[in-house]
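Just so we're clear, the structure is a prediction, and the values are computed from it rather than from any experiment.
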Amino acid sequence: MNKLLTLNILILLLVSCVNKEKSESEFYAENKTSFFDLRNSDWTKNTWIRKPENLKTIHESFKKFGYDKLENLIFKSNNEFLIQDICIKRNFENLMDSLQLTYNKPEKQTKYYAEFWNRRKAENNDSIVYEIIREFNSVKSDKKRLNYDNEFVNDTLVDLLKIEFNNKNLTSEKAKSDFDILKKYGLHQSAYNLLYERPEYFDTDLDRKKMEKELTKTKEFKEAWLIDNAK
């Protein structure tokens with residue numbers, strides 16, 4: 001019995017060592033941008049996105065990139081839509097139209113819209129939310145590119161959007177450029193995921209072992225901006 005117990009302990013120790021060695025070798029440094037938590041946090045509890053200046057930055061950056069390229073951020077059906085794991089049981093287009101029509105018009109507001117705009121006013125972001133809704137509604141039909149105010153654009157966010165959403169007919173040159181941009185911003189775990197954990201890059205001709213050596217390793221795991229979507 002003692003021998004069996006000793007053997008089990010040795011096996012557990014060996015497995016632990018192997019797992020530790022593997023996991024540590026796959027951890028890479030990942031800087032946190034000001035907007036980083038939009039990727040890996042609960043939006044219903046996120047305070048950063050509720051600040052008017054941050055909403056303005058996100059909106060102007062999205063306009064520079066092109067709202068029409070971001071359609072798959074929202075998964076829609078006839079009577080509900082899903083955004084960042086939040087399910088809202090209303091038709092998306094109808095909701096956007098109604099929110100625009102009821103802003104600062106309490107006589108037109110049902111309970112739902114009154115509560116929505118009262119929350120926005122309590123957070124002091126109602127005017128920018130209205131601006132975003134109004135401009136977003138204006139591109140629904142023809143998907144034209146909205147003029148953006150470069151003063152409020154976050155170029156890091158725009159670059160990351162280009163990596164994530166401009167990946168049709170992906171070339172090896174574009175893949176290498178995407179890797180270099182992630183590395184430049186200190187998003188090394190994201191760069192690692194690009195090399196090994198993003199199926200859209202699998203067929204690109206990259207010297208993955210050499211490029212991986214350019215990344216900074218760390219013993220502490222951090223969530224990545226460019227998430228692992230291969231599993």
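Considering only residues two or more places apart in sequence or on other chains, F92 meets the ring pair (Phe, Tyr, Trp, His ring centres under 6.0 Å) condition with F81, F136.
To the nearest 0.5 angstrom, D159 atom CG is 9.5 Å from L182 atom CG. Remark: N118 CG to D126 CG distance equals 9.5 Å, nearest 0.5 Å. Remark: N91 CG to E93 CD distance equals 5.5 Å, nearest 0.5 Å. Within the model, atoms OH of Y103 and OH of Y130 stand 8.0 Å from one another, a figure rounded to the nearest 0.5 Å. In this structure, Y196 OH and D228 CG are separated by 13.5 Å, a value rounded to the nearest 0.5 Å. Separation of atoms CD1 (I227) and CG (N193) is listed at 8.5 Å; rounding is to 0.5 Å.
Surrounding CG of N229 are more than 12 heavy atoms belonging to other residues, nucleotides or ligands, all under 6.0 Å away. Dense packing is recorded around CG of D207, with more than 12 heavy atoms of other residues, nucleotides or ligands lying under 6.0 Å away. The number of heavy atoms from other shown groups lying within 6.0 Å of CG (N79) does not exceed 12.
Side-chain atoms of S190 come within 3.5 Å of backbone N or O of W225 as a donor-acceptor pair. Side-chain atoms of N54 never come within 3.5 Å of backbone atoms of I49 as a donor-acceptor pair (strictly under, hydrogens ignored). Judged by distance alone, the side chain of E30 and the main-chain N or O of Q189 form a donor-acceptor pair under 3.5 Å. Of the possible donor and acceptor atoms, one in the side chain of N137 sits under 3.5 Å from a partner among the backbone N and O of M96.
Counting heavy atoms from C-beta outward, K32 and D37 have side chains that approach closer than 4.5 Å. Here the side chains of N31 and F36 are not in contact, with every heavy-atom distance at 4.5 Å or above.
F152 and F65 fall into different hydrophobic clusters, where Ile, Leu, Val, Met, Phe, Trp and Tyr side chains are chained together by heavy-atom contacts under 4.5 Å. Both L99 and I88 belong to a common hydrophobic cluster when Ile, Leu, Val, Met, Phe, Trp and Tyr are linked at side-chain heavy-atom distances under 4.5 angstrom. Under the 4.5 Å side-chain contact rule for hydrophobic residues, W48 and I128 share a cluster.
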Review item, side-chain donor-acceptor pairs of residues 106-113, under 3.5 Å, at least two apart:
from, atom 1, to, atom 2, distance (Å)
Q109, NE2, T102, O, 2.8
K111, NZ, E115, OE2, 2.6

L157 and F62: CA distance, side-chain angles, deciding distance, side chain to side chain contact (heavy atoms under 4.5 Å, CB included) verdict: CA-CA 9 Å; L157 176 57; F62 278 10; 4.3 Å; yes
- prompt: Between T57 and F35, does a side chain to side chain contact (heavy atoms under 4.5 Å, CB included) hold up when you go through it step by step?
  reply: CA-CA 10 Å; T57 293; F35 53 83; over 6 Å; no
message: Determine whether T33 and N154 satisfy the following criterion, side chain to side chain contact (heavy atoms under 4.5 Å, CB included), listing intermediate values before the conclusion.
response: CA-CA 10 Å; T33 63; N154 186 306; over 6 Å; no
query: side chain to side chain contact (heavy atoms under 4.5 Å, CB included) between E131 and R134: does it pass, once the steps are laid out?
result: CA-CA 5 Å; E131 177 186 334; R134 180 180 59 79; 4.1 Å; yes
- prompt: Yes or no on side chain to side chain donor-acceptor pair (under 3.5 Å) for K121 and N104, after CA distance, side-chain angles and deciding distance?
  reply: CA-CA 10 Å; K121 288 180 179 180; N104 275 344; 3.0 Å; yes
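Electrostatic pairing of K64 and D155 counts as a salt bridge here, judged by a charged N lying under 4.0 Å from a carboxylate O. Under a 4.0 Å N-O distance rule, the pair D180/K184 does not qualify as a salt bridge. Between R198 and E200 a salt bridge is recorded (basic side-chain N to carboxylate O distance below 4.0 Å). Comment: K63 engages E60 in a salt bridge, judged by a side-chain N to carboxylate O separation of less than 4.0 angstrom.
Shown here for K174 and K162, the closest heavy-atom pair between the two residues is NZ-O, 3.6 Å. Listed here is the closest heavy atom pair of L82 and C87: CD1-N, 3.8 Å. Considering every non-hydrogen atom in both S172 and L206, the closest pair reads O-CD2, 3.9 Å. In plain terms, the two heavy atoms of T218 and F27 that are nearest each other are O-CB, 2.9 Å. In terms of heavy atoms, L195 sits closest to R208 at O-NE, 2.6 Å. For the residue pair L160 and L187, the shortest heavy atom distance occurs at CD2-CD1, 3.7 Å.
Side-chain contact check for D178 and Y201: at least one donor-acceptor pair (N or O, by modelled atom type) lies under 3.5 Å.
Evaluated for a side-chain hydrogen bond (donor to acceptor under 3.5 Å, both in side chains) with Y28, the options K183, E212, H188 yield exactly one hit, E212.
Using a 30° and 60° split on the angle between ring planes, H59 and Y67 fall in the tilted class, from 30° to 60°.
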